[in-house]
Amino acid sequence: MTTAGTPPTPGTGPLSGVRVVELAGIGPGPFAAMLLADLGADVVRVDRPGGTDLAVPPAQDVTNRNKRSVVVDLKAADGPARVLDLAERADILVEGYRPGVAERLGIGPADCHARNPRLVYGRMTGWGQDGPLAHRAGHDIAYIALTGTLGMIGRPDEPPAVPANLLGDYAGGSLYLVVGVLAALHHARATGTGQVVDAAIVDGTAHLSTMIHGMLAAGGWQDRRAANLLDGGCPYYGTYETADGRYMAVGALEGKFYTEFLHLLGLDDLASARKDWTRWGELRDRIAAAFTSRTRDEWTAVFEGTDACVAPVLSLREAPAHPHLAARGTFTDHGGITQPAPAPRFSATPTAIRSGPALPGADTAAVARDWGTPAHPADGPGGPGGREDPDDLVTDGG
């Protein structure tokens, strides 16, 4: 079994042969670089002395799987030159500093493009590279708050529900950065010219709500929580508590699914309430009462094998054992850690977890050999002492 710090096996995944430099950060930048690594890219993470203030120990930080690590003190005399040596040999560079920090350190886009005009320079921030808030600190919750998306989530009589940091950091941030750098890589390979990709969480999260804005303009969406078809306002698209205090998720939107859903609940008399908004309160109450009559697992058995579009709400620890996810290998165990397997899947270039989390500085010699950069043997695992300036990396990508 491959363990943490073991060099990744080359030639796995559709991005095999693509070289990526990741300037270590927190949140969406590392996740984006992990996705590139999962797809087969050779990702070299440039860790800074002392690491970051993350609660996850390096050996368990699976967002650093399939990567390699070197430690570089960017404020040492030779620090920027060492990053530029890597950038010269890379296809993509990813950084998540506050705007202007990379330039001040001597590793900004102009510095890198002077050495490698084909480089795709990906910038991951919360607020973006310009605008009144560009230099402000922030986290996922603030970014999604300003885009209107946080205000869509939750019950109308309660504060907006916080969707962990999945909506902003990873959906609106990481995934848009990956799409951006891969599109720019395609352009660079066609033209020989690299460019800067400005991936702002506020931009990506706003973009995710495109359909909702169209519905809003057409009068098909009310600008308030739990008043619409897809935000919990509809009684046959939401969650219900069961007898054991757990929950079932219901998505019986279409007529035939709704009919089957009601039949299995024993509520056939409510068939005509589907499109009658004046009866939605009654419909919700009757459905809620029905669900409290059995446990979550009992209801799971009732809906098993049907097209009622109902599923149990599982916890993070329960999800890997679900028969469908287990059959597909959606989760996998690697190095003693249960974690999501790489996604999506490819027929000709399958992906895999090739190595555990890269330990800071563990791959300095191997990277120097493979990339043809000068070796610095003094910087072994962990590197020299010190810690990054908190004004450089203050947020989840801001």
Side-chain angles (χ1 to χ4, degrees), residues 1-13 15-27 29-76 78-90 92-96 107 332-337 339 342 351-388 393:
M1 176 177 290
T2 317
T3 59
T6 303
T9 303
T12 304
L15 294 185
S16 177
V18 174
R19 288 178 169 179
V20 178
V21 175
E22 175 198 354
L23 302 184
I26 58 175
F31 186 88
M34 179 205 74
L35 180 50
L36 294 171
D38 282 355
L39 297 180
D42 182 5
V43 177
V44 172
R45 177 179 170 94
V46 179
D47 282 301
R48 301 181 68 179
T52 58
D53 291 323
L54 287 178
V56 183
Q60 282 77 46
D61 185 0
V62 292
T63 64
N64 285 326
R65 70 188 186 192
N66 287 339
K67 302 177 184 178
R68 298 193 283 180
S69 170
V70 300
V71 170
V72 177
D73 184 351
L74 293 174
K75 296 183 180 177
D78 66 340
R82 293 177 60 186
V83 171
L84 294 176
D85 284 339
L86 291 169
E88 182 177 351
R89 296 159 172 82
I92 298 169
L93 182 145
V94 171
E95 59 96 351
I107 54 175
T332 187
D333 290 312
H334 190 278
I337 301 174
Q339 57 196 283
T351 58
I353 298 181
R354 309 182 304 279
S355 67
L359 301 181
D363 307 294
T364 301
V367 170
R369 179 194 67 231
D370 296 343
W371 284 40
T373 59
H376 294 264
D379 289 349
R387 188 174 295 277
E388 74 275 352
L393 294 174

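Here the structure is a predicted model, which means the values were calculated and not measured.
Nearest heavy-atom pair, Val21 versus Ala90, reported as atom, atom and distance to 0.1 Å: CG2-CB, 3.7 Å. Between Asp38 and Arg354 the shortest heavy-atom distance is O-NH1, 4.2 Å. Here the closest non-hydrogen pair linking Val72 and Pro49 is O-CD, 3.4 Å. Here the closest heavy-atom approach between residue Ala352 and residue Pro342 is recorded as C-CG, 3.9 Å. Heavy-atom minimum distance, Val71 versus Arg48: CG1-C, 4.4 Å. Here the closest non-hydrogen pair linking Ala33 and Val43 is O-CG2, 3.7 Å.
Between atom CD of residue Glu88 and atom OG1 of residue Thr373 there is a gap of 10.5 Å, rounded to the nearest 0.5 Å. Rounded to the nearest 0.5 Å, atoms CZ (Arg65) and CD1 (Ile337) are 10.0 Å apart. Note that the CD atom of Glu22 and the CE atom of Met34 stand 10.5 Å from one another [nearest 0.5 Å]. Distance CG/Asn66 to OG1/Thr351: 8.5 Å, rounded to 0.5 Å. A distance of 4.0 Å separates CD of Gln339 from CD1 of Ile353, quoted to the nearest 0.5 Å. Atoms CG and OG, from Leu39 and Ser16 in turn, are 11.5 Å apart once rounded to the nearest 0.5 Å.
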Check step by step if side chain to side chain contact (heavy atoms under 4.5 Å, CB included) holds for Ile107 and Leu74.
CA-CA 9 Å; Ile107 54 175; Leu74 293 174; 4.0 Å; yes
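Counting heavy atoms from C-beta on, the side chains of Val44 and Asp363 never come closer than 4.5 Å. Considering only heavy atoms from C-beta on, Val83 comes within 4.5 Å of Val46 through its side chain. Between Lys67 and Pro30 there is a side-chain heavy-atom pair separated by less than 4.5 Å.
Only one option out of Asn64, Thr63, Asp61 pairs with Val56 in a side-chain contact (heavy atoms from CB on, under 4.5 Å); it is Asp61.
Ser69 and Asp47 share a side-chain donor-acceptor pair at under 3.5 Å.
Under a 3.5 Å cut-off, the side chain of Arg89 and the backbone N or O of Trp371 do form a donor-acceptor pair.
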